[in-house]
2 protein chains.
Amino acid sequence: MSEEWTGPGGTLGLVRWIGLAQRKAAEDWIRTRGLSHEQGFVLGYLVQNPGSIQRDIAQVSRTAPASVSSLLQGLERRELIERRTENGDERRKRVYATPAGAELVAGFADAVAAVDETILEPLTADERAALDALLLKITAKLPQPTRP
Amino acid sequence: MSEEWTGPGGTLGLVRWIGLAQRKAAEDWIRTRGLSHEQGFVLGYLVQNPGSIQRDIAQVSRTAPASVSSLLQGLERRELIERRTENGDERRKRVYATPAGAELVAGFADAVAAVDETILEPLTADERAALDALLLKITAKLPQPTRP
DNA sequence: CATTGAATGTTAGAGATCTAACTGTTAGGG
DNA sequence: CCCTAACAGTTAGATCTCTAACATTCAATG
């Protein structure tokens, strides 16, 4: 769900609109795996960032540390992740996706790429380049989505 | 939260990135009102579409009818909405935002517009027009966000 | 060392959301 | 009329998510 109920008015209203289409596709894909949106995000993040600690996961997923705790408990119960402490620091728990966990979300990136291609289909190569340049100019000034 | 953990790679990765910034701002605004994301969306929708029935709300909010039922119960308990049947059809329950409900989300559209302006700040007027044209070309082919 | 403070996670309890099964209502043939 | 099927919404039970308070572990300081 999203905040586009003001209607797709204005340039960034269009961005919201496109984002909705992307989001819907991604959510549907994840739900077929029996995962919530957040669980899917975290599991995918762990595949690409093995050994992250929960504090970092909370940051990138924009949820409270307590929520990450519960969320990981759910994933651990299903044996999609493992947690263990390393290097003699008993505070930090390193989190890893299990093979089963990695397998469950494998193909997500490809699915997203395929949807993106469909969305971009109306544009020529030149137009895509122009769009890319404009968006880059915007995102250059945007705060980084925290990514250690 | 979102699905951008593939990294902001590719043109539409940038769109996801911008969408995240918009979304974060909107969520923060809504949370200060003590509403969840979904509750904020539905309440805002009801202000603009008074008398909607729950089935339609489920459609536009992309949630299950049962979830809408619980969600509206929460809003009703806080007296932000009302439900009543009309026209002798006992099945359909028409939903209305109360004045308190409407007041609670008043100003949301303005807040969103202000954030959008900040995000677009790096672009000149010509560039904004070019971006607008490109995005329009894309959204023209996109499925309508269901809006009766 | 002992103390203090910061960093990291967890638990508890409330509320929200999902799926599946259920109740009640309307409409359309036989 | 009745019967059936579609429609609208709710309830039940499990899981998830949030806030607030709490434990535990490390690190710095005297």
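This one's a predicted model, so the numbers in the text were calculated from it and none came from an experiment. Just so it is clear: chains get the letters A, B, ... in the order the sequence lines come, proteins before strands, and each one is counted from 1.
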Check the distance between [N]'s [atom2] and [X]'s [atom1] and give it to me in whole angstrom.
X: A:Lys93; N: C:dT10; atom1: NZ; atom2: C1'; result: 8 Å
X: B:Arg62; N: C:dT17; atom1: CZ; atom2: C1'; result: 15 Å
X: A:Leu71; N: C:dT17; atom1: CG; atom2: P; result: 16 Å
X: A:Leu35; N: C:dT17; atom1: CG; atom2: P; result: 19 Å
X: A:Ile53; N: C:dT10; atom1: CD1; atom2: P; result: 11 Å
X: A:Ile57; N: C:dT10; atom1: CD1; atom2: P; result: 10 Å

Exercise. Between A:Arg31 and A:Val68, just flag the one whose closest nucleotide in DNA chain C comes earlier from the 5' side.
Key: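 Between the two, 5'-proximity favours A:Val68.
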
Exercise. Between B:Ser67 and A:Arg92, name the one whose nearest nucleotide on DNA chain C is closer to the 5' end.
Key: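 Mapping each residue to its closest nucleotide by heavy atoms, the 5'-most match is A:Arg92.
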
Quiz item: With nearest nucleotides of DNA chain D determined for A:Ser70 and B:Leu72 from heavy-atom distances, which residue corresponds to the more 5′ nucleotide?
Solution: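 With A:Ser70 and B:Leu72 compared, the 5'-side residue is B:Leu72.
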
Self-check item: Toward the 5' end of DNA chain D, by each residue's nearest nucleotide, B:Arg55 or A:Arg78
Solution: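 Looking at the nearest nucleotide for each, B:Arg55 comes out on the 5' side.
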
Quiz item: Counting just side-chain N and O atoms, does A:Gln54 come under 4.0 Å of either OP1 or OP2 of C:dA7?
Solution: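 False: A:Gln54 side-chain N/O out of range (4.0 Å or more) of C:dA7 OP1/OP2.
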
Self-check item: Any A:Ser69 side-chain N or O less than 4.0 Å from OP1/OP2 of C:dG9
Solution: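 A:Ser69 to C:dG9 OP1/OP2: no side-chain N or O under 4.0 Å.
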
Quiz prompt | Point-to-point distance, once rounded to the nearest 0.5 Å, from CD of B:Glu82 to CG of B:Leu75 | solution =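 Answer for the CD-CG pair, B:Glu82 versus B:Leu75, is 12.5 Å.
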
Quiz item: Of all the nucleotides listed (C:dT26, C:dT19, C:dA16), which has the minimum atom distance to the side chain of B:Ala64?
Solution: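 The answer is C:dT19.
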
Exercise. Go through C:dG9, C:dA16, C:dC18 for me and flag the one nearest to the B:Ser36 side chain.
Key: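 Selected nucleotide: C:dA16.
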
Self-check item: Interface limits on DNA chain D, where chain A has a heavy atom under 4.0 Å of a nucleotide atom
Solution: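 Nucleotide range with atoms under 4.0 Å of chain A: D:dC16 to D:dC26.
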
Practice problem: Might you point out which heavy atoms bring A:Gly40 and A:Ile30 nearest each other, and give the distance in Å? | Solution: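 For A:Gly40 and A:Ile30, the tightest heavy-atom pair comes out as CA-CD1, 4.0 Å.
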
Quiz item: Honestly, is A:Arg84 close enough over A:Tyr96, meaning NZ or CZ under 6.0 Å from the six-membered ring centre and within 45° of the axis?
Solution: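 Pair A:Arg84/A:Tyr96 counts as cation-pi.
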
Self-check item: Aromatic B:Trp29 / basic B:Arg33 pairing, under 6.0 angstrom, 45° off normal
Solution: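 Verdict for B:Trp29: a cation-pi partner in B:Arg33.
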
Any donor-acceptor pair under 3.5 Å linking the side chain of [X] with the backbone of [Y]?
X: B:Glu27; Y: B:Lys24; answer: no
X: B:Ser36; Y: B:Gln39; answer: yes
X: B:Ser61; Y: B:Val42; answer: no
X: A:Gln22; Y: B:Leu12; answer: yes
X: A:Thr118; Y: A:Ala114; answer: yes

Could you pull out the protein-nucleic contacts involving nucleotides 4-6 of chain C (nitrogen or oxygen on both sides, under 3.5 Å)?
none

Practice problem: Just call it for A:Arg83: base, sugar-phosphate, or nothing, with non-hydrogen atoms closer than 4.0 Å on any strand. | Solution: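 Sugar-phosphate, backbone atoms only, no base.
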
Quiz item: Under 3.5 Å, is there a donor-acceptor pair linking the side chains of A:Arg92 and A:Gln54?
Solution: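 No, because no side-chain N or O of A:Arg92 sits under 3.5 Å from a partner of the opposite role on A:Gln54.
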
